[in-house]
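First the proteins, then the strands, lettered A, B, ... as listed; each starts at 1. The analysis underlying the following values was restricted to heavy atoms, covering all of them including side chains, and did not include hydrogens, waters or symmetry mates. Small disclaimer: the values here were computed from a predicted structure and weren't measured.
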2 protein chains.
Amino acid sequence: MHAEAVKGHLDSILLASLEPQPLHGYAIMEAVRAGSHASFDLPTGTVYPALHRLERAGLVRSKWSTVSGRRRRTYELTDRGRRRLREERQSWKLFSRAVSNLLSGAPAGATP
Amino acid sequence: MHAEAVKGHLDSILLASLEPQPLHGYAIMEAVRAGSHASFDLPTGTVYPALHRLERAGLVRSKWSTVSGRRRRTYELTDRGRRRLREERQSWKLFSRAVSNLLSGAPAGATP
DNA sequence: CCTAACATGTAGAATGGCTAGCTATGCACG
DNA sequence: CGTGCATAGCTAGCCATTCTACATGTTAGG
């Protein structure tokens with residue numbers, strides 16, 4: 001299956017992946033691939049810039065470490081990040097409900 | 001609530017709105033607003049270019065008419081459009097399931 | 001008469017994800 | 001030994017799409 005566009009929901013996905021525990025970029029990509037049952041296979045050119053964006057926005061915080069010779073940058077949620085994640089969950093609910101409703105051809109009234 | 005981005009799912013939404021019956025642009029905007037319970041209030045600068053794009057892609061077909069002095073361009077689905085809509089519905093299911101799964105913090109295994 | 005709703009459109013900015021390229025280490029296998 | 005794969009990080013620039021802002025014209029109603 002060709003790469004599905006994550007359009008507009010990348011941030012939510014990344015934040016959510018960091019909620020249970022801090023992770024480094026590469027591990028995030030794997031977590032997303034696994035958690036989406038391979039629907040999303042995010043390229044590095046998508047993930048790393050996005051993480052930098054989230055850090056600049058103060059939603060995540062990073063620190064470098066070295067594990068068996070390989071340098072890692074581990075990200076964790078900030079308080080603002082956690083708050084944002086809550087909001088994102090809420091708006092995803094509204095968004096997905098709206099799209100599902102429209103795609104189902106509902107006569108305007110279903111799933112209120 | 002600030003304008004929700006329809007990012008990447010506009011085409012599906014437009015095609016779906018034309019499934020029950022042909023509509024003109026303005027009516028499509030109203031149908032989407034109603035069907036999404038006002039979550040999506042698409043600006044004309046989004047809808048009209050998108051419809052032209054869909055027409056160029058052979059997914060919809062349009063014809064002009066005049067109703068009480070006002071000119072209208074009414075769009076209807078082509079066969080290719082209908083086929084595409086079926087595909088879009090399928091991939092929306094996969095997409096939304098994947099995102100919901102990730103946002104719920106599922107330990108990779110939920111909603112298979 | 002003037003405004004709101006109806007109806008369609010375009011140009012250009014802004015966004016944001018993807019492609020393609022780069023660097024570097026550790027480990028398994030032939 | 002050296003070749004290749006998985007691990008780990010990064011950026012520049014392309015491209016598609018959506019939104020902002022503007023432009024145009026009609027009809028209905030106060």
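- Residue N101(B) comes nearest to S104(B) through the heavy atom pair O-OG, 2.8 Å, listed as atom of the first residue, atom of the second, then distance.
- The nearest whole Å value for the distance from the NZ atom in K63(A) to the P atom in dA8(D) is 17 Å.
- One can place NZ of K7(B) at 15 Å from P of dA14(C), the figure rounded to the nearest angstrom.
- Listed nucleotides dT11(D), dT8(C), dG17(C) differ in distance to L10(A); the shortest reach to its side chain belongs to dG17(C).
- Exactly one of R82(B), R53(B), R84(B) qualifies for a side chain to side chain contact (heavy atoms under 4.5 Å, CB included) with L59(B). That residue is R84(B).
- To the nearest angstrom, P of dG16(C) lies 12 Å from NE2 of H9(A).
- Rounded to an integer number of Å, the gap from L14(B) CG to dT8(C) P is 13 Å.
- One atom, CG of L51(A), and another, P of dC10(D), lie 8 Å apart when rounded to the nearest Å.
- Relative ring orientation between F95(A) and W92(B) is described as perpendicular, the plane-to-plane angle rising above 60° on a 0-90° scale split at 30° and 60°.
- Side-chain atoms of T44(B) and base atoms of dG9(C) include a donor and an acceptor less than 3.5 Å apart.
- Taking atom CG of residue D41(A) and atom P of nucleotide dA6(D), one finds them 13 Å apart after rounding to whole Å.
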Summarise how protein sits on nucleotides 2-7 of chain C as a single string, 5' to 3': B when a protein heavy atom is under 4.0 Å from the base, S for sugar-phosphate-only contact, - for no contact.
---BBB

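- Distance from the side chain of R53(B) is smallest for dT18(D) among the nucleotides dG17(C), dT18(D), dC10(D).
- Going from atom CZ of R73(A) over to atom NE2 of H24(A) covers 13.0 Å, rounded to the nearest 0.5 Å.
- Taking side-chain N and O atoms only, H52(B) has a distance below 4.0 Å to OP1 or OP2 of dT10(C).
- The two residues L23(B) and S17(B) make their nearest non-hydrogen contact at CD1-O, 3.7 Å.
- Following rounding to the nearest Å, M29(B) (CE) and dT18(D) (C1') show an atom-to-atom distance of 15 Å.
- A side chain to side chain donor-acceptor pair (under 3.5 Å) with S12(B) is found for exactly one of E88(B), R89(B), E87(B), namely E88(B).
- G69(B) comes within 4.0 angstrom of sugar-phosphate atoms only, judged by non-hydrogen atoms across all strands, and of no base.
- With rounding to the nearest 0.5 angstrom, the CG atom of L102(A) is 6.5 Å from the CZ atom of F40(B).
- Taking for each of T46(B) and D11(A) the nucleotide of DNA chain C with the nearest heavy atom, the 5'-most of the two is the partner of T46(B).
- Here the C1' atom of nucleotide dT20(D) and the CG atom of L42(B) are 14 Å apart, to the nearest Å.
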